[in-house]
Amino acid sequence: MMTPQNHRFTTEIVHADRLGGAEHGAIHQPVHTSVQYGFDKVEDLIAVFQGTAKGGFNYARQGTPTTAALEAKLTQMEKGHGSIVFSTGMAGICAIFLTLLKAGDHLVASKFVFGNTNSVFGTLADLGVDVTTVDATDAAQVAAAVRPNTRMVFVETIANPGTQMPDLEGIGALCQQRGLLYVVDNTVASPYLFRPGSVGAGLVVHSLTKSIGGHGDALGGAVIDTGVFDWSAYPNIFPAYRKGLAKGWGLQQMRKKGLRDMGGTLSSQAAHQIALGAETLALRMERTSATALALARWLEQHPAVARVFYPLLESHPQHAQARKHLKAGSWLLSFELRDPEQCLPLCNRLQLPIKATGLADTRTLIIPVAHTIFWEAGPEVRSNMGIGDSMIRLSVGLEDVQDLLADFEQALAAA
Ligand SMILES: *Cc1c(COP(=O)(O)O)cnc(C)c1O
């Protein structure tokens, strides 16, 4: 009998469905669209409600066999203890904050985070959760922000759009020492390039819409429990979810409060599309990372370009950190031109990159950052996050590198 643990990343993923036992020998998990799940005996229905049955489904807001198959795949990819999938990455992030934090708690977060996550920090403050944002590339700044009521530390592996990397290991050691829940948004790196559990993260978040889904055709999010965190010491677990092994308490509470009550449920159709996308994660990450590095190197030597932000460039402030932890540099790349007036004309002269927001589609996407995704944030937040007025963000797609380089060559020649 083949055991998935014996195999490498992609072998494991492409055989996971079959080994999980799909009906009729199907080699992909079927798409289960039923909302209701019925039982022959009412005792079996009761067992699912009371959580005494192993697995089992009752109402699709809490999951279906199709979303469960994707959850199993994600748990395997992050080598975790368990997972929950959500309708979007933001639904997963909100589920963590709103089900695990209470008024009077304190959250320390990296100031280099996804713009909408930063917007949620404002909501948390209104609800009575104090949030301190710090430069998490320096673990000492995180340590200095910790208070007696701090519960959680939140960072992104590779921050969007500036590609800053937090001191992943230093923060992990700090969280372990102080008993803090360490949450890492691993969307840009993906479990193929880096596993946050390896540096002590308790929870990993993904926007499945990006690297893992990878085709720009389905929204989704996930929270994976790495099994590292000791939930028995966490004060915010309701008595109803302090049942069974403490390892499962966090996910139990997040599934009931975050999925059953808040309703940010992933559809089976989207789960199927994302699960299929996940099978080619390694291939796409290798390809887009190689292209992004070639583009980053080419842009860095171009006289019209002022700065390039890419973790695997020697000029990147956290280059050593990137070399140590990342298998490759991922698809996210930003740069600034010497002449800020050329920012918008350059975007228009490029023929291949599509002028669009979003990340990790099969096509290369380009966007001027200050004018769009960080417009609402305002000049103060932008400057605090190191976002210049002429910063351009690229999400590198699957195109052939020679074609992208030729396009940049013609577009920059005029700058
Ligand atoms: C896109 C993104 C999110 C939000 O995910 P959605 O699926 O769009 O809701 C969260 N974090 C990061 C780093 C992202 O890039």
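Each residue takes its place number in the sequence, starting with 1. What you see below is based on every heavy atom in this structure, not just the backbone, and it leaves out hydrogens, waters and symmetry mates. Both ligands and their constituent atoms are indexed starting at 1 by order of listing.
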The complete set of salt bridge (charged side-chain N to carboxylate O under 4.0 Å, His left out) pairs with one or both residues in residues 137-158, sequence neighbours excluded, reads D105-R151, D130-R147
Going by salt bridge (charged side-chain N to carboxylate O under 4.0 Å, His left out), name the pairs with one or both residues in residues 357-382, residues two or more places apart or in two chains. none
Under 3.5 Å, which donor-acceptor pairs link side chains of residues 368-375 to any protein atom two or more places apart or in another chain?
residue, atom, partner, partner atom, Å
T372, OG1, P368, O, 2.6

Aromatic F114 / basic K210 pairing, under 6.0 angstrom, 45° off normal: yes
Taking 4.0 angstrom as the limit, do R297 and E314 come out as a salt bridge? yes
Salt-bridge present (E300, R307; N to O < 4.0 Å): no
Exercise answer, ligand 1 polar atom pairs (N/O) under 3.5 angstrom:
residue, atom, partner, partner atom, Å
ligand 1, 5 (O), S207, OG, 3.0
ligand 1, 7 (O), G89, N, 2.9
ligand 1, 7 (O), S207, OG, 2.8
ligand 1, 7 (O), T209, OG1, 2.7
ligand 1, 9 (O), G89, N, 3.1
ligand 1, 9 (O), M90, N, 2.9
ligand 1, 11 (N), D185, OD2, 2.7
ligand 1, 15 (O), K210, NZ, 2.8

